[in-house]
Enquirer: 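Shown below is the structure under consideration.
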Amino acid sequence: MNKYIKIAVAAVLILSGLYLMIFTRSLGWGIVVFLLAALPVLIFFKNEYILLAFWQLRKQNMEKAGEWLKNITDYRAQLHKTQYGYYHYLMGLTNAQDHPTKVEPFMKKALEYGLNMKHDRAMATLNLAAAAISKGRRQEGQKLLDEAKRLDSAGMMTDQIKMMKDQLKMPTMQKHMHNPNMRNRGKFS
């Protein structure tokens with residue numbers, strides 16, 4: 001549903017609540033309808049599909065979270081600007097298992113649009129560090145890991161950060177090791 005339709009529904013509910021309170025003298029029903037108008041306003045700022053996706057992520061159900069996010073067809077039309085970052089963040093998290101190569105662009109956009117919570121920024125930065133390390137960009141990965149460690153003030157991701165730093169310390173495989181003929185070069189000469 002378009003975000004502006006929600007505001008129109010809220011306006012209609014407020015007007016009908018005022019009508020009930022003032023013209024029909026049904027004060028109780030007017031207050032009830034007036035309070036119901038708070039729901040579309042809340043959903044304008046906190047999209048229902050993002051809230052449901054977060055709920056499924058909390059239950060560790062990535063598939064269901066992905067299904068809720070698929071209901072957002074045009075994030076610019078359906079979401080408030082403050083939720084663009086969280087949309088991309090959730091898309092990156094739900095695609096992490098099935099399509100790890102798609103995570104990096106989502107997390108970059110999430111950080112670009114902005115995430116409110118510090119631990120969400122830390123998680124996005126940690127995912128970017130993992131992508132950089134897997135693509136062989138060690139210096140960038142190290143900088144991103146340091147940034148993630150700085151953002152993780154609650155210490156929720158210390159184990160993952162430590163594991164990735166240990167992975168950085170491991171020597172990289174030499175470039176010619178992927179070619180089996182280069183390993184056995186001395187046998188054929």
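What you are looking at is a predicted structure, and each value in this text was computed from that prediction instead of being measured.
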Enquirer: Distance from L145 atom CG to L128 atom CG, nearest 0.5 Å?
Expert: 10.5 Å
Enquirer: Got a sec: does the CD of E112 have more than 12 other heavy atoms crowding it under 6.0 Å?
Expert: yes
Enquirer: Please report the closest heavy-atom contact between P40 and A37, naming both atoms and the distance.
Expert: CD-O, 3.2 Å
Enquirer: Could you tell me how the ring of Y86 sits relative to the ring of Y89: parallel (under 30°), tilted (30 to 60°) or perpendicular (over 60°)?
Expert: perpendicular
Enquirer: Taking all atoms of both residues into account, what is the closest heavy-atom pair of V33 and S16, and its distance?
Expert: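 Result for this residue pair: CG1-OG, 3.3 Å.
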Enquirer: As a quick check of understanding, evaluate side-chain contact (heavy atoms from CB on, under 4.5 Å) for D146 and K165, giving each step before the final call.
Expert: CA-CA 9 Å; D146 292 338; K165 283 191 175 187; 3.3 Å; yes
Enquirer: Considering only heavy atoms from C-beta outward, does the side chain of L51 approach that of I43 to under 4.5 Å?
Expert: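 No; the side chains remain at least 4.5 Å from each other.
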Enquirer: Please tabulate, for side-chain N and O atoms in residues 96-107, each donor-acceptor pair with protein atoms closer than 3.5 Å (sequence neighbours left out).
Expert:
unit_1	atom_1	unit_2	atom_2	d
E104	OE1	K135	NZ	2.8
E104	OE2	R137	NH2	2.7

Enquirer: Which heavy atom in I14 sits nearest to a heavy atom in F34, and how many Å separate them?
Expert: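 Residues I14 and F34, closest heavy atoms: CG2-CE1, 3.6 Å.
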Enquirer: Any pair with a residue in residues 148-159 that passes side-chain hydrogen bond (donor to acceptor under 3.5 Å, both in side chains), sequence neighbours left out, goes on the list, sorted by first then second residue, please.
Expert: E147-R150
Enquirer: Can you find a pair of side-chain heavy atoms, one from L13 and one from L39, that are under 4.5 Å apart?
Expert: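 Side chain of L13 against side chain of L39, heavy atoms only: no contact under 4.5 Å found.
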Enquirer: Is any side-chain heavy atom of N47 closer than 4.5 Å to a side-chain heavy atom of H80?
Expert: no
Enquirer: With the side chain counted from C-beta on, respond yes when W55 and K64 share a heavy-atom pair under 4.5 Å apart, and no when they do not.
Expert: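 SC-SC contact between W55 and K64 ruled out.
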Enquirer: With heavy-atom distances below 4.5 Å as the criterion, would you say the side chains of M123 and L93 are in contact?
Expert: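 Sidechains of L93 and M123: in contact.
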Enquirer: How are the rings of H88 and Y75 set to each other: parallel, tilted or perpendicular (split at 30° and 60°)?
Expert: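 Geometry flag for Y75 against H88: perpendicular rings.
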Enquirer: Check the pair K3, D74 against salt bridge (Lys or Arg N to Asp or Glu O under 4.0 Å), reporting the backbone distance first and the verdict last.
Expert: CA-CA 11 Å; K3 59 187 173 188; D74 181 16; over 6 Å; no
Enquirer: Answer yes or no: does atom NZ of K143 have more than 12 heavy-atom neighbours from other residues, nucleotides or ligands under 6.0 Å?
Expert: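 Incorrect, the count does not exceed 12.
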